There are 2 protein chains.
Amino acid sequence: MPNSSNAGPGRVRVTINDLAAALGLSKGTVSRALNDYPDIAEATRLRVRRAAERMGYRPMAQAQAIRTGRARSLGLVLNAGRSDAHKPFLTDFLDGISRGASEESWTLTVATSEDEADEVATMTRLLDERKVDGFILPRTKTRDMRISLLRGRGVPFILFGRTGDATDCAWFDIDGEGAMRAAVQRLAGFGHRRIGYMGGLPEFHFSRLRRQGFLDGLAGAGLAPDPALMVEGVFTVEDGAVAGLRLLDHPQPPTAVVCALDVAALGLYRAAIRAGRKVGRDLAVISYDGSPEAAVSDPPLTSYAVDTRAAGRALAEMLIANIRGTAPEDLRRIVPARLIPRASDRLFARVTDAPRETTQGTITTTLA
Amino acid sequence: MPNSSNAGPGRVRVTINDLAAALGLSKGTVSRALNDYPDIAEATRLRVRRAAERMGYRPMAQAQAIRTGRARSLGLVLNAGRSDAHKPFLTDFLDGISRGASEESWTLTVATSEDEADEVATMTRLLDERKVDGFILPRTKTRDMRISLLRGRGVPFILFGRTGDATDCAWFDIDGEGAMRAAVQRLAGFGHRRIGYMGGLPEFHFSRLRRQGFLDGLAGAGLAPDPALMVEGVFTVEDGAVAGLRLLDHPQPPTAVVCALDVAALGLYRAAIRAGRKVGRDLAVISYDGSPEAAVSDPPLTSYAVDTRAAGRALAEMLIANIRGTAPEDLRRIVPARLIPRASDRLFARVTDAPRETTQGTITTTLA
DNA sequence: ACCCTTGCCGAAACCGGTTTCGGAACAAAA
DNA sequence: TTTTGTTCCGAAACCGGTTTCGGCAAGGGT
C-alpha cells in the first residue's frame with residue numbers, strides 16, 4: 001500500500017519505494033529502468049514504465065535534485081525598477097519560456113529586483129539555495145554585471161541579446177541591426193535623403209547594434225550620416241516626444257525617421273503633432289518592436305516585429321541544452337525581425353511618387 | 001575543508017556537514033541550532049549562527065524539501081491564451097509576489113497555459129513533482145475548476161478575487177463593487193440621471209460584483225436601472241467600441257457611463273468619436289483599473305486604480321501563512337480601489353453646473 | 001567440463017538536510 | 001548519598017531519490 005504519512009499537498013503520494021514494492025524489484029533497479037540505464041533488460045524497463053504510468057508515479061523533483069544537483073528550474077530575474085519597454089510582451093515571453101521548459105519537465109522561477117545590485121543579490125540567493133540551474137538574462141548590456149557574476153561562479157546562462165564580450169556566452173537575439181539597415185534601405189527607396197534616427201539607452205547592447213545597423217543602411221544607400229539628425233537614449237514615450245521635437249526643430253529637418261523602439265516612435269508622433277506635422281504625410285516613420293499599441297496608433301505604425309514568444313521558447317531550450325553540457329559556442333542564434341508594413345512610412349501621393357528634390361522642397365515649405 | 005566534489009553551479013558549496021565538522025558538532029545539532037529548537041544552548045546557537053554566517057552556509061532548499069515536504073515555492077499559472085487585461089500590470093504583480101515571497105526566502109514558480117484544461121494539467125504537474133507548495137489564483141471565476149482541483153487535493157491556495165462558493169478559501173480582493181457604487185454616486189452628484197454601464201465577461205466573478213455595485217449605486221441615488229443602458233461581456237477595446245456604439249445609439253442615450261474595465265472605457269472613447277460625441281463634454285465616463293493607457297487617453301480617463309504590486313505582495317504573504325497553517329477563514333482581505341480623478345467625468349461648464357433637466361436637454365439636442 | 005564474458009539485478013552507499021530518541025552531565029530535592 | 005529532574009548534545013533513522021559495486025546466472029568459446 002502506498003505511503004501512509006502523506007503530509008503536505010498531493011494527497012496519497014506514490015514514491016519509488018511503493019513502485020518497487022509493487023513490482024517486486026529493488027528501488028535502485030526501478031530508478032535505473034526509469035532513467036534508461038543500459039544494464040536493465042528491455043522487458044523490465046517496459047514493465048516498470050507501465051507500472052509507473054498506471055500508479056501515477058511522479059518522481060519528486062527535489063529528491064532528484066539532491067543527488068543530481070539539478071533543480072530542473074530556469075531562473076529569470078526581471079528588473080521591475082525601470083519602466084520596462086518589454087512590458088506588453090512579458091506574457092508572451094513568459095509563455096514561450098514556460099512552454100520550452102515544461103516540454104523537458106523543467107520549470108521557470110521568476111524573481112524581480114529594482115536595480116543592478118539587487119539583481120545580483122537575487123540571483124545569488126537563487127543560486128545559493130540551489131533553486132535554479134541557470135539563468136535567462138533579458139536586456140543585456142554591453143558591460144553586464146550579471147554576466148560577470150555567473151561567469152565567475154561557473155553557472156550556465158543564456159543572453160537574450162548580445163553583449164560586449166560574449167566569450168563563453170550562449171545567446172539568442174533578433175537581428176535588430178539588420179532591421180535598421182532594411183528600414184533605411186526602404187525609406188531611401190521611397191526617395192528620402194534626410195533620414196533621422198532615434199535610438200535607445202546606450203548601455204543596452206542592442207542600442208549599439210541598431211545604431212550601427214542604421215549607419216550601415218545609410219552607407220548602403222550612399223547617404224552621409226548627419227549627427228544632428230540622430231538622438232540616443234530614448235526609452236519612454238516622453239523621451240521620444242522630447243527627442244522628436246529636437247529633430248523636427250532642426251532647420252533642415254528629416255523627412256523620415258527610423259526608430260529603434262516603438263515607444264520612441266510613439267513619442268515622435270506626439271512631437272509631430274506639436275510641430276504641426278503629420279506622420280504618414282509630412283514625415284515617414286519606421287520603428288522596431290511590433291508592439292500592440294503601434295497597430296492602433298494614428299497612423300498605424302510600420303514596425304519590425306519580434307516574436308517574443310518564440311524567443312522565450314528558444315531561450316529555454318538553449319539554456320537547458322547548455323546546462324546539459326552543450327558548449328555555449330554552439331548555442332548562438334540570431335533570427336530576423338519581421339516587417340509589418342503599415343501606414344506610417346508611406347507619404348501618400350507625395351514623397352512616394354515625387355522625385356527627390358521636389359520631396360525635399362515640399363517638406364521644407366510645409367514646415368516653414 | 002569544504003566539499004570537494006562540487007558538481008553543478010555554485011562553486012565550492014558549504015554543506016551542513018562542513019559546518020558541523022568545523023564546529024566540532026554533530027550535524028543534527030547544527031540543524032537544530034539553525035532552526036531554533038529549544039533544546040540547544042543559547043551559546044551554541046550563537047556559535048553556530050556566526051560560523052554559518054562566516055562560512056557562507058546556505059541550506060540547499062531541495063534537501064530541506066525532501067524531509068519537510070516544503071519546496072518553499074509559490075505557484076502562479078498564467079493564462080496566456082486569452083488576451084489578458086492585466087497585461088500592463090503583470091510586471092508589478094510579479095514584483096509584488098516576488099518581494100512578498102523572498103522576504104520569507106520563498107520563490108515564485110511561474111507557468112502558463114492556454115485554456116482551462118491546460119491550466120489544471122499544468123497545476124497538476126507542478127504539484128506532482130512537488131515544485132510548489134501552493135497556488136495564487138488570479139482572475140477567479142464564479143465557478144472555477146482550479147478551485148475544485150486544489151480543494152480536492154487539499155492543496156493550499158489563495159484567490160486574487162472572490163468566487164461563488166468561497167468556503168475554505170483564502171482570498172484577497174479589491175473592493176470593485178464599492179468603486180462602482182462610488183462612481184455612480186459621483187456621477188449622480190454631478191447631475192447625471194441616465195447612467196449607463198459596461199461590464200466584463202460574466203464568468204469572472206468580479207464582473208458580477210461590480211455589476212451589483214453599480215446597481216446598488218443607482219439605488220442609493222434613487223435612480224431606476226434601465227437594462228437598455230447596461231451591457232456585459234466586454235473584455236477588449238474592440239468589445240468596448242461595439243458595446244459603446246449600442247449604448248450611444250439608444251434613442252435616449254446615457255449622459256454618463258460607468259465602465260468596469262479601462263479597456264471598455266477606451267472602446268467607448270472610440271464609439272463616442274464615431275457617434276460624433278466627445279467624452280468629457282457630451283459624455284461622462286468613469287472606469288476601473290487605473291491602467292497607464294488611461295492616463296494618456298484623450299481626455300485622460302477618470303478611473304479607480306488598483307495597486308497590483310501591493311496585491312501581489314499581500315497574496316504572497318497570505319498564501320505563505322496559509323501553507324504554514326493559518327486557517328483560510330482568517331486569510332481574507334479586501335482593500336478599496338483608489339480614485340484617480342481626471343478629465344473624463346467632468347462635463348466642463350455644462351452638466352456640472354447646470355440643473356438636471358437642462359442637462360438632459362442639452363445632451364439630447366446635441367445628439368439629435 | 002571449465003573458464004570467461006556478458007546481461008541483469010540487488011544491496012548498500014550516498015546526497016544534504018530534518019527529526020526522533022536516548023543518554024551523559026550536572027543541579028536540585030529527598 | 002541516592003533519587004529525581006533538567007539541560008544539552010550525539011547517534012542514528014529518515015526523506016525519496018541516484019549511483020556504485022558486486023555477484024548470480026546464462027551463454028559462448030575452448
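Every heavy atom of this structure was used, including side-chain atoms; hydrogens, water molecules and symmetry mates were not. In what follows, chains carry the letters A, B, and so on, assigned in the order in which the sequence lines appear, proteins first and then strands, with residues in each chain numbered from 1. Just so it is clear, the structure is predicted and the values come from calculations on it, not from any experiment.
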**Prompt:** Among D/dC8, C/dG17, D/dC15, which nucleotide sits nearest the side chain of B/R13?
**Reply:**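 Of all the options, the side chain of B/R13 is nearest to C/dG17.
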**Prompt:** Looking at the side chain of B/D39, which of C/dT19, C/dC8, D/dC9 is the nearest nucleotide?
**Reply:**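 Given the options C/dT19, C/dC8, D/dC9, the side chain of B/D39 is closest to D/dC9.
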Under 4.0 Å between a side-chain N/O of [X] and OP1 or OP2 of [N], yes or no?
| X | N | result |
| --- | --- | --- |
| B/T44 | D/dC9 | yes |
| A/Y57 | D/dG17 | yes |
| A/R47 | C/dC8 | no |

**Asked** A/L127 versus A/V155: any side-chain heavy-atom pair under 4.5 Å?
**Response** yes
**Close side-chain approach of A/L150 and A/M123, heavy atoms under 4.5 Å** =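 A/L150 vs A/M123: side chains touch.
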**Prompt:** A/S148 and A/R151: side chain to side chain donor-acceptor pair (under 3.5 Å), yes or no, with the steps?
**Reply:** CA-CA 5 Å; A/S148 339; A/R151 254 201 203 119; 5.9 Å; no
**Message:** Once you apply a heavy-atom cut-off of 4.0 Å, does B/R45 come out as touching a base, just sugar-phosphate, or nothing?
**Reply:**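 The answer is nothing, as B/R45 stays clear of every strand by at least 4.0 Å.
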Measure the distance from [atom1] on [X] to [atom2] on [N] and round it to the nearest whole Å.
| X | N | atom1 | atom2 | answer |
| --- | --- | --- | --- | --- |
| B/L25 | D/dC8 | CG | P | 14 Å |
| A/Q64 | D/dG17 | CD | P | 7 Å |
| B/I66 | C/dT19 | CD1 | C1' | 14 Å |
| A/M60 | C/dC15 | CE | P | 18 Å |
| B/R130 | D/dG17 | CZ | P | 10 Å |
| A/R70 | C/dG16 | CZ | P | 15 Å |
| B/N17 | C/dC14 | CG | P | 12 Å |
| A/L46 | C/dC8 | CG | P | 13 Å |

**Prompt:** Taking for each residue the nucleotide of DNA chain D bearing the nearest heavy atom, is the 5' side occupied by B/I40 or by A/Y37?
**Reply:** B/I40
**Message:** Can you see whether B/S113 engages B/D118 through a side-chain donor-acceptor pair at a distance of less than 3.5 angstrom?
**Reply:** no
**Request:** Using the side chain to side chain contact (heavy atoms under 4.5 Å, CB included) rule, pick out the option among A/I158, A/I147, A/L319 that qualifies with A/L137.
**Result:** A/I147
**Message:** Are more than 12 heavy atoms, taken from residues, nucleotides or ligands other than A/R58, located less than 6.0 Å from that residue's CZ atom?
**Reply:** no
**Item:** Residues touching DNA chain C, which here means a heavy atom under 4.0 Å, drawn from residues 26-35 of chain B
**Value:** B/K27, B/G28, B/S31, B/R32, B/N35
**Over all atoms of both residues, closest heavy-atom pair of A/I323 and A/R70** = O-NH2, 3.2 Å
